[in-house]
Amino acid sequence: MTTSAEAIALVVIVTGLLQVAFYIVQLVFAAFALSNRPPVPRGATLWRRYSDQAPPISLLAPAFNEELTVVESVRSLLALQYPDFEVLLINDGSKDGTLVRVIKEFGLERVERYVDDKVGHARIRGFYASPALPRLLVIDKENGGKADALNAGINACRTSLFCAMDADSILEPDALLRVVRPFIDEPNLTVAAGGTIRIANGCTIDSGRVTEVRLPRNFLALVQIMEYLRAFLMARLALGKMQVLTVISGAFGLFKRQRVVEVGGYSHGTVGEDMELVLKLHRHMRDLKQPYRIDFIAEPVCWTECPEDARVLGRQRSRWQRGALECFAKHKAMCFNPRYGRIGFIGFGQILLVDVIGPLVEILGYILVPLLYGLGLLALPWLLAFLSVTFTFGVFVSVATLILEEVQLRRFPRAREIAILALIAVIENFGYRQLSNLWRLQGWWQFLRKQQSWGTMTRKGFGGATAA
Amino acid sequence: MTTLVSLWDFSLLLCSVALIGVAGLLLARVITEGSARRREEMRRKLLPAMIRGETPDVGNSKLARSVAATLTLELAELVRGTDREALVTAATATGAAEELARRLRSRTAQDRLVAAEALAMFPDYAPAVTKVALADPSPDVRLGAALALAQEGRAPPAGELVRKLGIGTSENSLLMVSLMRDLVKTDPQAVEALLYDLDLPDAAKLAATDALAESGAVDHAPLVAWMAEAAGEDSDLQPRIFRALGRLGHPAGHDAILTGLDSASWQVRASASEAAGRSALKAAVPRLAELLDDDEWWVRFRAGEALARLGSAGRLALHRAAIDPAPTARAAAKATLAERGLA
């Protein structure tokens, strides 16, 4: 009986340790990547230097029922600092007045457009544009979901690069100029690049721009700031450095159109379409045996609003978990397959460890290890080892990420904010982490039941997020 | 059991070290917030004087030099002509140039890059930028320094620069076209000579071609001859060559463009179609009309676009294709005409 109990504890501890070890490796790579990141010209020099050679970009912004925010979002996109870009707002069959508001506000008229038909999507009902705003094209289509809307945008865009984003996100004015850099530096190799997403809750927002970075008061939003720091500053930066990046956030990613068309665009029938696209690109390029790069740039920033309500956050996290599992299941042939090199071993190893097995084993540990210890079947050292992999190492990883942020980027203007985040980095491990694992377990259940819906993501809108 | 306890102890140790680290950083923040105030005061004193090109009376302290150097970086890109000269004089007087020269050897590549970019504007320091920054271990710093020197007309000869930067071999940035463009302004013949250097990679020559094509500084005939020859070779650079031929529009490039329309590569067919439209190549109309039925959308789109540019002959071809029995060509022609209000 004791041996079985110890075997269970051993599985839980070893799985936890493997995750912690992988996080520490990521921290080291992220620190190396940040300290050796390519130098970037400043302000006006950045513009002068890159504007000449910056390739044209189509910004694809799918919108569904965004009547209240769409006009402000489009204005913000049109004001981006980039020499040659077109905003393609894709109205994905909104049931509210999204389309009417945009048409009225910008004085658009129905136009014709010759578009490609390489990637599949629901029927396009019409195009709207105005000679006064040559950078704006509105695509009105039947509802088909975000992936479907992006596919319509890909077919309609006429540039070699497209930037996929959420219509309700805010891009830093020079974000495009910075994220395009890998495509300028290595034009023949780079197929995709992602940038950092930050949480705008609590920040002061004026005319579609984040004018003052501040922390939110809501606990869940604060915890998500730490989560985003770990996800972007640690994980994606490190995975990008290793060239095994498996996801570029759907909120902000730049892609070579031709390569995306070759893999059939975004896949329908998955809620993890952003991750799936990156995996398809890896697979395609490896199958072609062509050298390529998928990069992550720490500097470009896209601001997004995160949920402040536990129910909404829970739905989002279950969906993310389901998306990761769907991607893993769809491309499981790549896992540990020598044909796919480091992406098969490291990239898929990480998905297997962190997304597939991780939540199951951790939840099992929370239930069984204390129970077995209480029943006298496990000695105290087993319990301590379990606590180390679930709590203390967790605190270390979070705090170390915060140190990395402060040493390398210093994006939080006041010392007080660092102190608050340090506190959050400790307390998130006691309660929130467990809750998050429960949501992920829910995602597992939905995956097994082949549930496909996105659920409702209620947003306050950036107007509501504006701090006093 | 010892291992398990050690694991707990080790995790506690790491956790404590991280928490002490963040506490140290917080303390450092509080201290630097004080020095930031002093920097801000110094900045308020220096800024108006430097904008006017005057030498401010702030002594030659380390803080003054550092703030003056930072201000120079911020202001230099914003001013031109005599204002720039006045700023350079004021910055030299405050010790900013000296400080920037010191930053050329900083441990941080970012500092070295911005120092090299700013220092290239100081005539007395251009040799230092050439010597130090063009030999920098970071390729980004080397390229940034070369671009800054070329913009100021103080770069070394084109051939030397190409080899130093590894253009076309280790350096593949599209920024090499900008570099060539600036080099053309001061020494177009040296850039033209690159085209006839057998040892140089095609990518370097193409960058030179792009730059020369935009300038009226050299005779275009030999340039187009080189491009036409290069366009016939099987290379990934072909689409760019055709686009350059289109921009140039020189009649000597027409045969190459017509040949490109029959290429097996759709990328070449598309760029040759674009070139045909841009260079008003009316002889291409029949072939462009055929390309409206191409398998690849980009080729159909570029062919339609070119036909719409090619005057009445092109538009007539589009109208004919709009009633063509082939559905692909018909759809392409109809949509092209409708988009331009020509239907």
Side-chain angles (χ1 to χ4, degrees), chain A residues 13 17 20 24 35-45 47-50 52-55 111-118 155 158 183-189 258 379-382 384-385 387-389 391-393 395-400 402-403 406-407 414-415 418-419 422 425-426, chain B residues 1-5 7-12 14-15 17-19 21-23 25-26 29-30 33 73-74 76-78 108-114 117 138-141 144 147-148 151 172-175 177-178 181 236 267 297-298 300-301 304 331-332 334-341 343:
Chain A
I13 292 164
L17 266 183
V20 169
I24 292 175
S35 53
N36 290 285
R37 66 188 188 278
V40 184
R42 298 154 61 115
T45 313
W47 171 261
R48 180 174 55 74
R49 184 127 312 152
Y50 282 81
D52 271 356
Q53 301 304 326
V111 294
E112 296 293 331
R113 174 108 161 176
Y114 179 42
V115 298
D116 199 356
D117 55 3
K118 278 271 168 55
N155 273 344
R158 291 171 175 179
F183 293 90
I184 290 179
D185 289 345
E186 287 293 352
N188 299 323
L189 290 181
Q258 183 54 33
L380 182 64
W382 288 99
L384 291 177
L387 292 177
S388 70
V389 294
F391 295 99
T392 41
F393 276 127
V395 172
F396 164 72
V397 170
S398 294
V399 175
L402 192 60
I403 290 175
E406 175 64 2
V407 170
R414 286 166 289 271
I418 300 294
V426 176
Chain B
M1 288 296 175
T2 321
T3 314
L4 295 173
V5 176
L7 195 64
W8 168 248
D9 291 341
F10 181 58
S11 72
L12 280 180
L14 279 184
C15 207
V17 169
L19 286 169
V22 86
L25 287 170
L26 274 170
R29 260 288 181 113
V30 173
E33 275 172 9
L73 298 172
E74 290 172 19
E77 275 290 346
L78 306 176
T108 320
Q110 178 71 40
D111 287 348
R112 298 199 300 274
L113 174 71
V114 290
E117 285 177 331
S138 160
D140 298 289
V141 175
L147 284 159
Q151 200 204 0
N172 297 306
S173 172
L174 294 175
L175 294 182
V177 180
S178 303
R181 194 177 299 153
D236 292 342
Q267 286 93 342
W297 176 83
W298 275 109
R300 300 196 298 271
F301 168 61
K334 274 184 169 176
T336 306
L337 288 166
E339 192 175 327
R340 286 160 179 79

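So that the names make sense, note that chain A is the first sequence line, chain B the second, and so on, each numbered from 1.
With a 4.5 Å cut-off on side-chain heavy atoms, B:D140 and A:D185 count as touching. Two residues are said to be in side-chain contact when any heavy atoms from C-beta on lie closer than 4.5 Å; A:I403 and B:L25 meet this criterion. For the pair B:N172/A:N188, no side-chain contact is recorded, criterion being any heavy-atom separation below 4.5 Å from C-beta on. Within the 4.5 Å cutoff, the side chain of B:W8 has heavy atoms near those of the A:T392 side chain.
We find the CD-OG distance between A:E186 and B:S173 to be 8.5 Å, quoted to the nearest 0.5 Å. Rounding to the nearest 0.5 angstrom, the gap separating the CD atom in A:E112 from the CG atom in B:L337 is 11.0 Å. Separation of atoms CZ (A:F396) and SG (B:C15) is listed at 8.5 Å; rounding is to 0.5 Å. If you take NZ on B:K334 and OH on A:Y114, they are separated by 13.0 Å, rounding to the nearest 0.5 Å.
For A:L387, the parts sitting under 4.5 Å from any heavy atom of chain B are the backbone and the side chain alike. Using a 4.5 Å cut-off between heavy atoms, A:F391 does not touch chain B at all. For A:L189, no part lies near chain B; criterion is any non-hydrogen pair under 4.5 Å. Proximity to chain B is limited to the backbone of A:V115, based on heavy atoms less than 4.5 angstrom apart. With a threshold of 4.5 angstrom between heavy atoms, B:S178 approaches chain A through its backbone and through its side chain. At a 4.5 Å heavy-atom cutoff, A:L380 makes no contact with chain B through either its backbone or its side chain. For B:A148, the parts lying under 4.5 angstrom from a heavy atom of chain A are both the backbone and the side chain. For B:L113, the part lying near chain A is the side chain, with the backbone staying farther off; criterion is any non-hydrogen pair under 4.5 Å. Of the two parts of A:R37, neither the backbone nor the side chain holds a non-hydrogen atom closer than 4.5 Å to a non-hydrogen atom of chain B.
Comparing A:R113, A:K118, A:R158 by heavy-atom pairs within less than 4.5 Å of chain B, the highest count is held by A:R158. Options A:V426, A:V399, A:V389 differ in how many heavy-atom pairs under 4.5 Å they form with chain B, and the most are formed by A:V399. Comparing B:A335, B:G21, B:A331 by heavy-atom pairs within less than 4.5 Å of chain A, the highest count is held by B:A335.
Taking all atoms of both residues into account, the shortest heavy-atom contact from A:A385 to B:L4 is CB-CD2, 3.6 Å. Of all heavy-atom pairs spanning A:F183 and B:L174, the tightest one is O-CD1, 4.1 Å. Taking all atoms of both residues into account, the shortest heavy-atom contact from A:A415 to B:R29 is N-NH1, 3.5 Å.
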- List the steps, then state whether side-chain contact (heavy atoms from CB on, under 4.5 Å) holds for A:Y50 with B:L175. CA-CA 7 Å; A:Y50 282 81; B:L175 294 182; 4.0 Å; yes
- A:I13 and B:L7: side-chain contact (heavy atoms from CB on, under 4.5 Å), yes or no, with the steps? CA-CA 10 Å; A:I13 292 164; B:L7 195 64; 4.0 Å; yes
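Applying the salt bridge (charged side-chain N to carboxylate O under 4.0 Å, His left out) rule to A:D52 yields the partners B:R181; only residues at least two apart in sequence or on another chain are considered. For A:S398, the side chain to side chain contact (heavy atoms under 4.5 Å, CB included) criterion is met by A:M226, A:R230, A:A425, A:E428, not counting sequence neighbours.
No donor-acceptor pair under 3.5 Å is formed between the side chain of B:Q110 and the backbone N or O of A:P39.
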